[in-house]
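Reviewing the structure listed below.
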Number of protein chains: 2
Amino acid sequence: MGRQRPGTPTLEEVAAHAGVGRGTVSRVINNAAGVKDSTRRIVQQAIEELGYVPNLAARSLASRRTDAVALVLTEPDWRVFSEPFFSEIVRSLGDALADTGMQLMLTLVRSDSERKRFVEYARGGRVDGVLLMSVHAGDRLPDMLAEARLPTVMLGRRSGDEYVSYVDADNVGGARSAVTHLLSRGRRAIATITGPLDMYAAQCRLRGYRDALTLAGLSGVESMVAEGDFSEGSGRRAMAELLERHPEIDGVLAASDTTAAGALQALRTAGRRVPKDVSVIGFDDFALAQRTEPRLTTVRQPLEEMGGSMIRLLLEDMEEPSVAYRHVILRTELVARDST
Amino acid sequence: MGRQRPGTPTLEEVAAHAGVGRGTVSRVINNAAGVKDSTRRIVQQAIEELGYVPNLAARSLASRRTDAVALVLTEPDWRVFSEPFFSEIVRSLGDALADTGMQLMLTLVRSDSERKRFVEYARGGRVDGVLLMSVHAGDRLPDMLAEARLPTVMLGRRSGDEYVSYVDADNVGGARSAVTHLLSRGRRAIATITGPLDMYAAQCRLRGYRDALTLAGLSGVESMVAEGDFSEGSGRRAMAELLERHPEIDGVLAASDTTAAGALQALRTAGRRVPKDVSVIGFDDFALAQRTEPRLTTVRQPLEEMGGSMIRLLLEDMEEPSVAYRHVILRTELVARDST
DNA sequence: GTGAAAGCGCTAACAT
DNA sequence: ATGTTAGCGCTTTCAC
């Protein structure tokens with residue numbers, strides 16, 4: 001395979017054309033200080049005339065940086081793509097990077113072999129840092145990157161003692177405040193539909209639910225907890241089961257807004273008035289509430305801030321690659337949209 | 001900003017460690033022929049022991065290739081992400097590339113400034129080629145890439161006289177065969193709900209519709225054509241309008257399966273039995289039929305082949321950057337799922 | 001403020 | 001079959 005770009009002008013030719021040294025041209029294209037304004041203009045004109053574009057390979061070989069970061073999505077998360085959650089994160093990442101002049105590139109990793117290939121690619125120096133979205137509990141990718149000492153920041157974490165740098169939402173606190181809210185409105189029979197419990201975020205939300213009940217002096221009832229998987233269907237099923245076991249239910253914390261939507265359907269099918277008889281709160285993972293359940297009370301995650309925080313952490317790791325990893329947990333916010 | 005990977009072993013150190021010359025090590029890591037098996041083993045062991053990873057910047061500086069291609073998505077297409085259409089394309093691209101050892105990287109381009117930044121990035125030699133998905137009619141990105149003489153292949157085309165290399169589905173033929181199918185089943189009052197007519201694919205599908213009617217000796221009626229935008233809502237609205245104007249409608253060609261789903265809803269609302277009274281056919285852009293309308297007859301696009309063809313074209317352009325662009329139009333297939 | 005020179009780590013052509 | 005050498009195009013001291 002012989003691919004190449006032919007006769008591209010080099011920095012040297014620009015220098016010759018402008019009648020200056022290569023160092024000066026380099027300074028100009030890097031906006032470095034210490035170049036007389038008149039010289040700068042001459043060089044810029046030469047660049048223009050020759051249609052010069054810096055060779056990025058040469059640049060990163062010499063400078064040991066690439067000004068590019070990768071955002072890695074592992075296969076099961078492709079579905080997230082269309083969700084406002086994903087768009088919002090990518091948008092904020094893009095905005096944060098725009099200021100730094102870095103390129104964001106998405107990488108889809110399906111198999112373990114692709115995982116390995118990506119690590120080689122990153123270790124090969126093609127990116128300055130790596131961002132990981134919603135990594136699953138057993139995924140070794142973060143460890144591989146950490147071993148290679150590549151600046152890495154995850155959105156979310158795999159467990160309670162995650163070491164790799166991450167930005168997460170305060171899931172425990174969010175769940176706790178949601179349940180507390182329900183309690184303050186007089187609800188007493190509060191159930192929860194969890195996410196898949198092999199995911200740390202789901203565990204945290206369940207913990208927050210339990211914490212709030214304990215704090216209120218109520219002992220949580222195990223049969224008031226039903227496991228779902230963040231999907232709408234699982235919300236429907238779980239809610240139906242819960243109602244069968246506990247017809248007295250008057251409050252529900254759903255692990256996601258999608259699950260909440262399913263729960264609402266099941267409640268209405270069962271003849272419950274929402275929110276009059278039963279009040280439902282969900283985490284707004286997919287911003288579903290804004291679309292189809294606008295009146296749903298939700299635990300809002302600060303999506304706009306998450307991307308920015310990730311970039312900040314990554315930059316810090318790149319500046320001074322310390323031994324310590326950095327962790328940020330962003331506050332969630334309860335947005336009460338129904339009157340109950 | 002000073003980022004770097006410290007003390008990474010270089011090829012030279014590997015050579016020293018293995019007691020061979022650098023050329024030999026280079027041959028080994030590139031799987032080049034002409035290395036004695038015993039030597040190869042020694043070198044591989046040295047690589048293993050030192051944890052050597054090739055510096056990709058140095059490699060592409062010397063070899064003038066990067067072994068990476070970019071898949072660019074322009075903003076309005078983010079929604080496509082979650083669709084089987086997108087997954088299928090990416091999957092086939094990934095498969096095709098796996099054989100070549102190249103990396104696929106996604107790039108999201110929102111604004112014109114990002115467009116420019118990406119071109120600079122690509123011209124800078126960070127990728128060997130560029131793949132573009134569903135480019136809109138007025139988008140200048142393909143031209144910018146073409147001017148920079150970067151191997152580029154688009155999925156779909158912007159107009160009838162597109163010059164940049166592309167892979168497209170035979171939209172005219174698909175629409176024609178769909179309408180012919182309806183005619184053969186005795187349908188005579190055949191309407192169509194188009195896509196946005198500023199998109200070439202939508203124009204083609206409309207043309208195929210008209211062609212088939214003309215061919216059958218029927219003169220198309222202008223009021224049997226309603227413009228939609230590929231969305232479900234537009235399908236509903238358009239269908240309702242069409243029914244009002246032409247209650248006698250007994251066949252519909254929808255420009256996408258999503259639109260078809262909307263049309264079905266409107267038909268059922270209007271008391272029409274589908275497919276008994278009215279038969280509907282849609283293009284399976286979003287593979288919706290497989291999910292919610294399994295009985296819908298569709299014009300299937302060869303998604304699996306499209307990715308492969310794109311890679312093939314791109315590789316050809318990379319091997320011998322000719323002046324001529326290459327165009328491939330893949331056959332579509334009518335999949336009749338209802339009895340009508 | 002600017003030029004000159006020394007690499008960055010690799011591939012590829014040429015010796016041997 | 002393998003070692004040697006000359007760049008690839010840039011950044012970055014270091015002089016001036």
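Numbered from 1 within each chain, the chains take letters A, B, ... in sequence-line order.
OP1 or OP2 of dA1(D) has not a single side-chain nitrogen or oxygen of Arg40(B) nearer than 4.0 Å. At dT2(D), one or more side-chain N or O atoms of Thr39(B) fall inside 4.0 Å of OP1 or OP2 (strictly under the cut-off). Checking the phosphate oxygens (OP1, OP2) of dG3(C), a side-chain nitrogen or oxygen of Thr24(A) falls inside 4.0 Å. Taking 4.0 angstrom as the limit, Ser26(B) places none of its side-chain polar atoms (N or O) nearer than this to OP1 or OP2 of dA12(C). OP1 or OP2 of dC8(C) has not a single side-chain nitrogen or oxygen of Asn55(B) nearer than 4.0 Å. Listed pair Arg59(B) / dT11(C) meets the phosphate criterion, a side-chain N or O lying under 4.0 Å from OP1 or OP2.
Rounded to an integer number of Å, the gap from Arg64(B) CZ to dA6(D) P is 20 Å. Separating the CZ atom of Arg41(A) from the C1' atom of dG1(C) is a distance of 17 Å, rounded to the nearest angstrom. For the pair Ile42(B) CD1 and dG3(D) P, the interatomic distance rounds to 10 Å; values are reported in whole Å. If you measure from atom CG of Leu61(B) to atom P of dG9(C), you get 12 Å, rounded to the nearest angstrom. Atom CD1 of Ile29(A) is separated from atom P of dT12(D) by 11 Å (rounded to the nearest Å). Rounding to whole angstrom units, CG of residue Leu56(B) and C1' of dC10(C) are separated by 10 Å. Computed from coordinates, the Asp37(B) CG to dT2(D) C1' distance equals 15 Å when rounded to whole Å. Look at CG on Leu11(A): it is 16 Å from P on dA5(C), rounded to the nearest Å.
For Thr10(B), the side-chain atoms get nearest to dG9(C) when compared with the rest of dT2(D), dG9(C), dT11(D). Looking at the side chain of Asn30(A), the nearest of the listed nucleotides dT11(D), dT11(C), dC8(C) is dT11(D).
Taking the charged nitrogens against the carboxylate oxygens, Arg140(A) and Glu147(A) do have a contact shorter than 4.0 Å, which makes a salt bridge. Between Arg158(B) and Asp139(B) there is no salt bridge, since no side-chain nitrogen of the basic residue lies less than 4.0 Å from a carboxylate oxygen of the acidic one. The existence of a salt bridge linking Asp168(A) and Arg157(A) is confirmed by a sub-4.0 Å separation between a basic side-chain nitrogen and an acidic carboxylate oxygen.
The residue from Arg110(B), Lys116(B), Arg117(B) that alone fulfils the side chain to side chain donor-acceptor pair (under 3.5 Å) condition with Glu114(B) is Arg110(B).
Mapping Ala58(B) and Gly23(A) onto DNA chain D via the closest heavy atom, the residue that lands nearer the 5' end is Ala58(B). Map Ala62(B) and Gly34(B) each onto its nearest nucleotide of DNA chain D; the residue landing nearer the 5' end is Gly34(B).
Using modelled atom types, one finds no donor on one side chain facing an acceptor on the other under 3.5 Å when comparing Asp67(B) with Tyr121(A).
Within 3.5 Å, a donor on the side chain of Arg27(A) pairs with an acceptor on the base of dG3(C), or the reverse. Residue-to-nucleotide contacts include a donor-acceptor pair under 3.5 Å from the side chain of Arg22(B) to the base of dT11(C).
Using a 4.0 Å heavy-atom cutoff across all strands shown, Ser60(B) reaches no nucleic acid atom at all.
In this structure, Gln45(B) places its CD atom where only 12 or fewer heavy-atom neighbours from other residues, nucleotides or ligands lie under 6.0 Å away.
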